[in-house]
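This report concerns only the one structure given below.
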Amino acid sequence: DGGITQSPKYLFRKEGQNVTLSCEQNLNHDAMYWYRQDPGQGLRLIYYSQIVNDFQKGDIAEGYSVSREKKESFPLTVTSAQKNPTAFYLCASSREPGQGIRRAKNIQYFGAGTRLSVL
Amino acid sequence: AQSVSQHNHHVILSEAASLELGCNYSYGGTVNLFWYVQYPGQHLQLLLKYFSGDPLVKGIKGFEAEFIKSKFSFNLRKPSVQWSDTAEYFCAASTGGGNKLTFGTGTQLKVEL
């Protein structure tokens, strides 16, 4: 059963604590992404990775960190520096960016999300 | 910087009514356009996409969207909505051959029986 698995489904963070959200995909996709979803704000890109051992900041990277040691895994750590972490976090993956005819393959597929709350 | 605007934040329709959700983007170059849907309790899934060619694209569940380059728009339409179409709809765009998506703020659609 191919897809993107995010865990846990619900997560609670205490003051000053770092928490890590898991994202695993078995679609053999090169690129992976983390988004944050807040009511009325849509999805905003936190970090993305187009290849193993490489990643770039998105629009709201402050207070977050990522790693990409394996093709299938892209964990997101919400650090204590993120002052407003309560949100719904979505992971996505796609084939590598391409040009011309390969663009047709570059659709992002999403996991079911992790809802993070602060205690 | 690229941006995507969805002007309808909440839409309430009766079953069988026609639907049109607005989406405008701000980017002058080659753009790829998408509509995603998030049903209650489910993950985000692709409704339809535009890369090039026929500006009228058809997606799943009877949805379609029209790319109008002169208006920088990619509005979503459905001639007759069903109660099961109740969901949040997101317009998104990426540029050229890249994969980085910019999303609109979403439109919450509620279809009443």
Side-chain angles (χ1 to χ4, degrees), chain A residues 2-7 9-10 23 25 27 29-51 55-61 74 88-115, chain B residues 1-11 21-26 29-54 57 59-60 67 87-109:
Chain A
I4 302 170
T5 302
Q6 289 187 243
S7 61
K9 192 172 180 179
Y10 299 96
C23 178
Q25 54 97 2
L27 299 168
H29 285 167
D30 292 289
M32 297 186 74
Y33 313 80
W34 274 106
Y35 293 89
R36 169 179 170 140
Q37 185 179 5
D38 296 279
Q41 296 194 53
L43 280 71
R44 293 178 291 167
L45 183 64
I46 305 173
Y47 267 99
Y48 65 105
S49 167
Q50 295 181 329
I51 196 168
F55 48 83
Q56 287 81 42
K57 292 183 179 180
D59 301 316
I60 55 165
F74 190 41
F88 190 52
Y89 290 86
L90 287 166
C91 178
S93 72
S94 70
R95 297 193 189 195
E96 65 179 285
Q99 302 294 330
I101 195 169
R102 297 180 73 193
R103 287 168 57 199
K105 307 293 185 186
N106 298 336
I107 296 165
Q108 288 190 24
Y109 298 88
F110 286 80
T114 292
R115 190 164 297 280
Chain B
Q2 179 176 266
S3 67
V4 176
S5 301
Q6 292 181 245
H7 306 294
N8 316 103
H9 299 295
H10 292 90
V11 173
L21 300 182
C23 173
N24 289 91
Y25 63 93
S26 65
T30 303
V31 65
N32 311 308
L33 296 159
F34 307 82
W35 276 97
Y36 280 87
V37 60
Q38 191 173 38
Y39 296 103
Q42 295 189 29
H43 63 272
L44 207 65
Q45 55 187 286
L46 183 69
L47 259 185
L48 47 78
K49 64 189 184 297
Y50 173 80
F51 288 98
S52 64
D54 189 343
V57 292
I60 59 171
F67 169 58
E88 190 158 18
Y89 293 80
F90 294 94
C91 183
S94 66
T95 58
N99 274 0
K100 194 176 157 189
L101 281 177
T102 299
F103 281 85
T105 53
T107 297
Q108 191 73 48
L109 171 66

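Quick note on labels: first sequence line is chain A, next is B, and so on, each numbered from 1. The structure presented is a predicted model; accordingly, all values stated were derived computationally and were not measured.
Rounding to the nearest 0.5 Å gives a distance of 11.0 Å between CG of A:L43 and OG1 of B:T102. Put simply, CG on A:L45 and NZ on B:K100 are 6.0 Å apart, with the number rounded to the nearest 0.5 Å.
Along residues 39-47 of chain B, the residues that come nearer than 4.5 angstrom to chain A, judged on non-hydrogen atoms, are B:H43, B:L44, B:L46 in order of number.
Residue A:Q37 touches chain B through its side chain alone, counting heavy-atom pairs closer than 4.5 Å. Contact of B:E88 with chain A is made through the side chain alone, with heavy-atom distances under 4.5 Å.
Although no hydrogens or angles enter the test, the distance criterion places no donor-acceptor pair under 3.5 Å between the side chain of A:Y33 and the main chain of B:L101.
Contacts with chain B were tallied for A:Y35, A:F110, A:Y48; A:F110 has the most, counting heavy-atom pairs under 4.5 Å.
Looking at heavy atoms from C-beta onward, A:Q108 lies in side-chain contact with B:Y36 at the 4.5 angstrom threshold. With a 4.5 Å cut-off on side-chain heavy atoms, B:F103 and A:Q41 do not count as touching.
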